[in-house]
Structures are given as structure tokens and as C-alpha cells.
Amino acid sequence: MVQNIIEIKGVEKRFGKFTAITDINLDIAKGEVVVVIGPSGSGKSTLARCINLLESYDEGDILVAGVRVENGANLSAVRADVGMVFQGFNLFPNMSILRNVALAPVRVRGLSWREAEQRAMKLLERVNIAAQAQKYPSQLSGGQQQRVAIARALAMEPEVLLFDEPTSALDPEMVGEVLDVMKSLAQDGVTMIVVTHEMGFARQVADRVVFMENGRIVEEGSPDEIFSNPKDPRLKTFLESILSH
Amino acid sequence: MVQNIIEIKGVEKRFGKFTAITDINLDIAKGEVVVVIGPSGSGKSTLARCINLLESYDEGDILVAGVRVENGANLSAVRADVGMVFQGFNLFPNMSILRNVALAPVRVRGLSWREAEQRAMKLLERVNIAAQAQKYPSQLSGGQQQRVAIARALAMEPEVLLFDEPTSALDPEMVGEVLDVMKSLAQDGVTMIVVTHEMGFARQVADRVVFMENGRIVEEGSPDEIFSNPKDPRLKTFLESILSH
Amino acid sequence: ETLKVGANIGNVPWEFQDKSGKNIGFEIDLVNEVAKRLQMDVEITNIPFNGLFAAVQSGQIDAAVSSITITEKRLKSVSFAQPYYDSDQSLTARSDSKVKSVDDIKGKIISVDTGSTGDIWAEANKEKTGIAEIRRYEGLSNAMLDLVAGRTDGYISDIPAMQYYTKDKPDLKVVARIKTGEQYSIMFAKNSPLQAKVNSVLTELKKEGYIAALHGKWFGSVPEKTTSTVMVMDAPKES
Amino acid sequence: MDIFNTFLNWPVFVDALPMLLKGLWITIKLGALSIVLGLIGGLMLALCRLYGPTYIRGIAIAFIDVFRAIPLLVLLIVIYYALPFIGVRLTSFTAATLALTIVSSAYAAEIFRSGIEAVPKGQFEAARALGLNYFWLMGDVVLPQAIKIVIPPITSNSINVLKDTALASVVAMPDLLKQATQAQALAANPTPLIGAAVIYILLLLPLVRLVAVFEKRFAER
Amino acid sequence: MDIFNTFLNWPVFVDALPMLLKGLWITIKLGALSIVLGLIGGLMLALCRLYGPTYIRGIAIAFIDVFRAIPLLVLLIVIYYALPFIGVRLTSFTAATLALTIVSSAYAAEIFRSGIEAVPKGQFEAARALGLNYFWLMGDVVLPQAIKIVIPPITSNSINVLKDTALASVVAMPDLLKQATQAQALAANPTPLIGAAVIYILLLLPLVRLVAVFEKRFAER
Ligand SMILES: Nc1ncnc2c1ncn2[C@@H]1O[C@H](COP(=O)(O)OP(=O)(O)OP(=O)(O)O)[C@@H](O)[C@H]1O
Ligand SMILES: Nc1ncnc2c1ncn2[C@@H]1O[C@H](COP(=O)(O)OP(=O)(O)OP(=O)(O)O)[C@@H](O)[C@H]1O
Ligand SMILES: [Mg+2]
Ligand SMILES: [Mg+2]
């Protein structure tokens, strides 16, 4: 039996009377890379945030490695295994870049500060920002902050990585580098759910592409199916509008 | 005599001992669209922020419509004429979307709330978000927030518009729409300085492209010159890295 | 013309309020009579003891009463009319306690009102009487609570107040009178012209036996002939 | 005597009640006025301290630090009893209001400052980039956010001012607490003090709950 | 008598000084202990109020609201004079420390709460997404930012506690201000009160300035 690392069954999330996502069903196998695309406000971020319970969902079940994601004793453990890179960077302004990256490995995995900071330096090098290790987040440019956020998530060596538009604040040069990092992670067998508008990345790396609209998954399939042979009319318009500029 | 609406002469900005931008010389004619490109941390945002004195500069002069940008009585008037869309959205969380857009026209231009809100609704329609007019910023997705920020800057009908990566948080569909808005503004003769990674936009709309690196303007010219015939080796690498993914 | 008098209302039986909120008491009666003789109206202002000194000196009030003791030190900053009451200190203890006289307070914990004459006496006689510890309180009622609670063994304070207080409390008793020779009077700003006027009215009132009658009214007893309540005296002067 | 006769003596309480209510009125009058004036003064001070020219800023800092350090009792005595020497003779109500307002504005100033400083820099920048002048930048953008942040400590401060009216008795304004201590002395029984505490609680709890409701509604945005 | 002889009388001040210093020592001892305990208690209370299960939250709210509303004087009297009736007999120092700590922790709780609520939601989310447990989320991420925000009102609150030691005189702990009023009564001259105010200012101003320096260094990040 193939173990699905993430199973999402009939999930719905409401904000007051407004339904942000509904009837979401999605199983993700270990090592799979799923790219989520869709217009603004379609619920992509909300879906990602439900997976590690940053938003509690109102209906259905989400299972990570067979464990239901819900408030309780094992939530912290689930979260340590599910890394997340935010659309906003959410770096901790009260500590240096290096500390930002080393913190969770020390507090959650029990590493020593020395060890954690050594590993953090390596990750900062990987995203090309090691020279700023001693600066505070407010002293970095937007792109630099985003790269730190990625390093921070990688530091936990999570089983599943959630990316919410990880490259949106990066300049094109850096987009390339970060996408390379993500590609190498995919080759290492890390399961990833990536909300992105980088169609190039989706085409090259995704095992599956999910198209959301109005809080629902409207179509899903291999990148080839989605990009070359879209069925849903809304997906067609969406793709056309992207290619037109 | 052609009046340059913006004249930047020998400007330098330091953060403590670190020099963020230096020796910047740039004249911008009325109606011109200048696109600023360059790697992360090269000082693009800093330059834009100096133009409306969100950062005070340490050396040189910046003149908007012939008036030196400096602390004093006419700073507010200069700023009202220089609209800005931020890399972070910086919407006002304590008021509705509609209020966010209508506020400055009422407070600075002296419009009535009725009039200002009517105009605000039109702008919100233009960026496709009129349905959310009564919501508060925290209830919007990232992309929705960015569009409100653009509408807010447009509401002042400024002479010069500064954009700091205006499309970085937008999904590709919206990028197209927003770029269309910007194109129509360019056609209306609005002077614009746009920090962006949208090379397509630069090629189609820019009168001039400025390439920054390490706090300096390394090369500038028409889009054709910059993209088809780059001279500076660093610009060449930069462009190659963009085209490679 | 109005005579503005400050008084720490609540200082039984010298100045306090009856149930209708009217100011009554020994010193209230006295200043009312004095003002009448001076053909002035009286306006009583309720000021806590703490505030009375600054109040007379700043002229916010013309005179102050509140069983204020005449002392050498005070005379350096304020003036007094002639005394009208001789107050001694008293030792109060629980009825069932072994403390029956001043000789019994050796090794005991004694309470006083901070800054009062009782405090001064206890401090001065600490060695002689062998008091183990002096506890200083803010007013009579709290000191009484601790005396009843057994945290202290005796309370040294003005005798009239204690007699009045213990009247209806069988578990407390005034066990000794401690002679200190302190005298109460009306306080004025230093060298106030009112001082002489009031002083001569007091002489008049003593001669008529008015003050002795007040003593009878408020303490239920006739004052001895040799006390300042009866005898005409000189106004105290700074030495 | 048992604890009930001593601390919860009903006849003593009933006797004292008219006095307490008279004091309550002074507490409320003095407290409400000083709270309002203190909030206004505190806001002005905070703005002077944050954005004034250097010497104004220095004066504001000195004012805030000195009047937080000085005991209210002393300030009351100085204002009411020392100022007449230089020809300024205030009524006790004016003097008490002035002293309470000065002290509460010094405290409120620091609270407002912390709130203003907690508003993200981007908010100031966006407002300035739109050309809003200082007045609207503060009034429309910064203060609404700052005040929302500091509602809890401002509430605390207001409670404090109301309770500090107790010291006004030194300038012949016998407030609720003073009346209670006086009634205590009269009855030789601490029940009136407990009665005063109950009145304070009955007065303040509904107000505090009301503020909490407002705060919640505010937070929902 | 002129204003100098009345309010700034040097011989009277010199006479009173030893008494004042004795009171100062009580003020400092009692104040420092209550401030520290109050900050710890206040933090606990704030966390209970924000994140406790419903009934704990209810208890915390009741505690905070009641002990802010109750006059300290009454609380002191109850703790010191009423508790012996039910067999709890505290020394005056313990009683005064307890009362001051209870009240100051109620005030500090609301200040800490405002600070914690001013930390952006994204910070909590990032910490939780990393799997940090509640303890580290608070200790590493939220509290350092919250405390930075509330340094000014916490300073004010600490000053208040130090000044509130004045009420401890009711349980026979004569503090600086009490000693000053007593010296005033002895000399029939308000100079000792002014002297006490000067001592308060000399004591508090350097502390307040020191906090301001820390705050600035903090803010530079
Ligand atoms: N806290 C909230 N309260 C009310 N509505 C919300 C809240 N958070 C999100 N929404 C709404 O839910 C919908 C989905 O939002 P979400 O952030 O998931 O969109 P998205 O697909 O990530 O968009 P984008 O590409 O712009 O980031 C939007 O319409 C948004 O306005
Ligand atoms: N307040 C500050 N203090 C110290 N250094 C700063 C500060 N603000 C910016 N810098 C530094 O100045 C340099 C230029 O920053 P700037 O934000 O202008 O870059 P940018 O070109 O806009 O980059 P990006 O494309 O990532 O937004 C960076 O190295 C940054 O770390
Ligand atoms: Mg999103
Ligand atoms: Mg930038």
C-alpha cells in the first residue's frame, strides 16, 4: 500500500458567512510535488494554512502521515514536520537572521546553538545571504527577507514543505536560484505543496498541478494535461491571460 | 526648454556606515516612463524612497518640478504630487478598503467624502476589487491588498507615480490587468518610475531602462539598447540569469 | 466677615459629624462661640491632620483645631492661642491582659499613633520602661484592631479619646494615665493678628466658665480648677 | 468581637452610607474631569515628546518624568498651599483637578507613546507618501491604531486617577475613601472602609466591562 | 512667614532627614520586592487571561478587574486586620508586600496583555508553523517583542507601586512619605514633604532615564 503523506477529505473553511474553500479533496504521496495555481482570492493560501492548522477548518479531515491535523498533543510534532514559507515573510524582528534560522532546530529538535548555527550558515549560503547573517530583519530588502524565510523553513528538514508564493518578492535572478533550491529538494524526495505563479517551475518540477477557483479545486492533472490540454473553461481563460503579456 | 519633472543629482544615501546608493544622477522628463531593474539589495527601493523623502538622502539634490525635495513647508505638496505604491502594501488596517482609497483626496485635495468615495469606487472597479469595498484590509488576500494599494495611489491623480514592485504579490492574471492600468496611465502622460522584474512590461512601456547594481546606476538606455545590446558585463549576467529559467 | 477654620473631622469628640452631617464636638462649639464674640461667621473646612499646617500657613484657612498640641518645635513655624485643655497620655490594654499599669509594659509590644505625643513619649521612655518594640499606626482604629488581635499589648494615646472610645467596649480598658503636660489650643499662621483677638475671647470665656461647661457637655465631668480649661493663661510664645 | 461584627457590621454601614455617597459624588466629579483632561494632556505630551523640536521634547520629557516621580500628595499641597504665596489662590476643586490632571497626563503620555511606537513604520510612510499632513496622519491613521493597542493600560490609568482622588482630601475635598476613613473613626469600626471598597467595585466593574466590550468590537477588524 | 520659611525651611529639613531616610529604606525594600513580584504575577495573569481555558480566563479577568477596582488601603486593612479573624496572621511587611503585589500584578497584567496583542499575528503563525511549543513561542518570539512595546507603561506602573508603598503606613510600615507627613506634624511645617518629593525625584529620575536608554538601544534593531 502506498502511503499518502497528506490526505485532504471534504475540507471546508468559512470566515463568518463567507466560504473561502469548500469540498477540497486531495491526496499527496510522499515525494510528490504539487503546484497550486489559481486567480487571486481563490483560496490557495487558505488551503495551505489549513494543512498545518494555522486556520482551523470547519468540515472534513486533513491527515499528515496518517495523523489527523487537529488541536491536541501531537500538533506541535505535526507542525515541525510541515515547514511553511509565508507570502508575507514573518521573520522574527527581535533576533538576527542567523538566530531566525537556528531557533526552531534548537527549540524543537534539541540541537545545540553551535550546531544549529553552523547548519543555519550553510542554509544561508545556499540562498546566497550568508553575508547578512548578523543583521536584523528590518535591515534587509524584501528579497533578502524572503530568502531568509526559506532558509528558516528548510532548517527544520521537514517532511512536507508548504510554499505560499515563495518567489513573489524576489528579483528574477534570485527566483532562478530559489527555484533551483526547490528543484533540488524535490529530487531529494521532499514532499512539497507550492502555491505559485511561476508556470515555468510548475511545468518543470510539478508532479501534479491543481487549479483552484472560487474556493474549489476545478481541475487537476499532470503539468502537460493542465497546460497543453486544459478542459475547464475558466482554466483556459486563466492560462490565456497569463500567456498574453 | 523641456522641463524635467524629476532631477536627481549626485545623490547618496547611507545607513550608518553602509552606503545603500551613491552617485545617482537621473533626469526624468514629464510623461517619461523609467523602469529600474537590478539584483536584490542593489538599492532600487532606496532610490524610490528618496524621491519622496521617505528616506532622507545624505548627499546631492533631488528636484521634483523644480522644487528641491527636503523637509519644509512644501514637502506635503510635493508628496501629494508623487504617488507611491509600496513593496509591502501598507494599507490602513483601521478603515475599510473604500476609505483607504478615498482618504487622501478628502484630506489633501479637499474633496467631499461623497465625491471621493464615488471616485474611489471607480478606481476599485478599474483594479477589479469593487466588490470588497466595505471589507477591511486584513480580510483580503495578498493580491487583493496590492490592488487596493495601487488604487489608493491613483486616487490622488499624482504627477509622478513611483511603483516599488507593484505586481510582486499578484497572480499572473492580475499582473496583466495591473500592467494594463499602468500602460494606460503611461499613455495619459503620467510620469512613472517603476521598480519591477516584469521585463515584458519594461520592453513594451518603458521609455528608458535603468540598471542598478551595488547602489550605483551601472547602465541606462532604451529598452532595446538594454535588452538587445547590453554593454556592462554585470547587466549581461543579470539578463542571462533571467532568461535561463 | 468669615472665620475660616480647618478641622480634621472625624476626631471624636473634638470635631465630628452627627448622623445628619452636621459638624459637632467640643472644639466646634468652642470656635462657634469665639466667632460669635468676634462678630464673625464660621466656615468649617474638613482637612486631614496632615494638611492643617500648610493650610494655616498659606492662609487658605485662618485657624485650625483638631486637638493640636502646643510644642516648642511647632511654635517656630506657627502661633497658638492660650491652651484650653490639658491632655495626658494613657495606656490602654485588653481587659484580660496582664498589663495593668505602666510598670507592666516591660518586654511588651506597644502601639502608638505615628508622630503623636504618645509616640514621642514612648520613644523617650523606651529604655526606662523596657518596651520591646514600638509599632506606629495611622490613627486609632487600626491600632485598636491590632490590640484586639493580640499583635500588640498596649496602646499609648491621648486620654480623652481613649476614654471616649473604651466607654462601650468591655474587652478594652484604660489602665493608666501618663502625665506629659501637653495642652491643646487653636493654631494660627505665625504672628497672625487673629491670635491676639481669639486669645482675649478665650480669656473671657474661661472667666465666664463657658469652656468648663463644654467639658461637662462632652466628657461628662467637671474639670479641675488648676487645669487650663478653667485657668486663664498666657498665649504660648516661641522661646 | 467576630469578623462579621468588625468588618461587615450592617448597622454601622447603614449609618455611614449617606457620608459615603457624599464622598462618592466628589470622587466621580473630580475623577471624571481629571481623567478626561489627563487623556487630552497626555496625548499632547506624547506627541510633543515624540515629534516636537528638541527643546519642546526636552520639556516634555522633564514634565513626564518629574510628575510621575513626585508624590501626588506633595503636588496637591504645593498647588493649593504654596501657590498663594506667589499670589495664585485656587479653589480646592480647581487645585485638586489641576494636580490630578498633571499627574495623570504624565502617566497617560507614556502610555500613548508606547501605542504610537507600536504602529508599524509602513503606516507612517504610506500616510506621508499620500501627502497627508501631520494632523491627518495622526488623526486618521496612527492614533486610531495606537489607541486600540493601549486601551487596557489607559483603562488602568483611569482607574488609578479615580482612586487617587482620595488624596484630594488634603485640600479639603473629602472623597469617598476619606469619608470612609472618617466614618470608620466615628464608629470605631472598619466596616465603612469595606463599604467604600464595595462602592468602588460597583462603580468600576461595569465601566471596565464596558471598555472590554468596546475593545473586543475594535479587535474584530 | 514667606514661602521659603514655610516650604523650603533648611533647619526643619535637616531635622527631618534621618526620619526621611529611615522611611526611604522601607519604601525601597517594599517597593522593589512588590515590583518584581508584581511583574512576574502580572505576566502569568496576562497569559492566563489570553490563553487559559475558559474558567481560568474567567478567574483571571475577575482577579484583574476586582483588584484594580479595590482601593489599596482597603485591601491592606483586610489582609492585615481581617485575616487574623480566620487564623491567618501576617507580619506587616508580608501583608504590605502581598497587597502591593496583588494590586500591581493586576495592573501589570493589562499592560502585558496590550503588548502581547500588539505583536502581529504573523509572528505567532510563523512560530507555530515552525513547531515551537507554547513556551518557546512566548519566550523567544512574542514576549521579547511585547515587552519592548510596553516598556513605557511598565515603567509608569513600577513608579506607581513605589509610591503606593505610602499606604503601607496603615499596617505600621512607615514609608518615606509617611515619615515626611509625620515630620511635618512635628515641626508644623510642610518642608519635610517637599524634602520627600525631592528624594523621590532623586531616586526615580535616574531609574527612569536608565530605562529610556535601554528602550532606545532596544528600538535600534
Ligand atoms: N480572515 C479573513 N476574514 C475574511 N475573509 C478572508 C480572511 N482571510 C481570507 N479571506 C478571504 O478568503 C478568500 C481566499 O483568500 P486567500 O488568501 O486564500 O486567497 P489566495 O488564493 O491566496 O489569493 P492571492 O493569490 O491573492 O494570495 C479571499 O476572498 C479573502 O478575501
Ligand atoms: N534601514 C536600513 N538599515 C540598514 N541597511 C538597510 C536599511 N534599508 C535598506 N538597507 C540595505 O540597503 C541595501 C539596499 O536596499 P534596497 O531595499 O534599496 O534594495 P532593493 O534593490 O530594493 O532590493 P529588493 O529587490 O530585494 O527589494 C540592502 O543591502 C539593504 O540591506
Ligand atoms: Mg495567497
Ligand atoms: Mg526593494
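Below, chain A is the first sequence line, B the second, and so on; all start at residue 1.
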Which atoms of A/Leu91 approach chain E - backbone, side chain, both or neither, heavy atom under 4.5 Å: backbone

Heavy-atom contact with chain E under 4.5 Å, split by part of A/Phe92: both

Interface residue of largest heavy-atom contact number with chain E, from A/Leu103, A/Leu75, A/Leu162, under 4.5 Å: A/Leu103

Trace of the side-chain contact (heavy atoms from CB on, under 4.5 Å) decision for E/Val141 with A/Met95: CA-CA 9 Å; E/Val141 178; A/Met95 44 187 110; 4.2 Å; yes

Neighbour count >12 (heavy atoms, 6.0 Å) for atom CH2, E/Trp25: no

Flag, side chain of A/Asn94 to backbone of E/Asp140, donor-acceptor distance under 3.5 Å: yes

E/Asn133 and A/Arg107, any side-chain heavy atoms less than 4.5 Å apart: no

Over 12 non-hydrogen atoms of neighbours within 6.0 angstrom of OH in E/Tyr134: yes

Residue from A/Arg79, A/Arg152, A/Met84 passing side-chain contact (heavy atoms from CB on, under 4.5 Å) with E/Leu130: A/Arg152

Which atom of A/Ser76 lies closest to which atom of E/Leu132, heavy atoms considered: OG-O, 3.9 Å

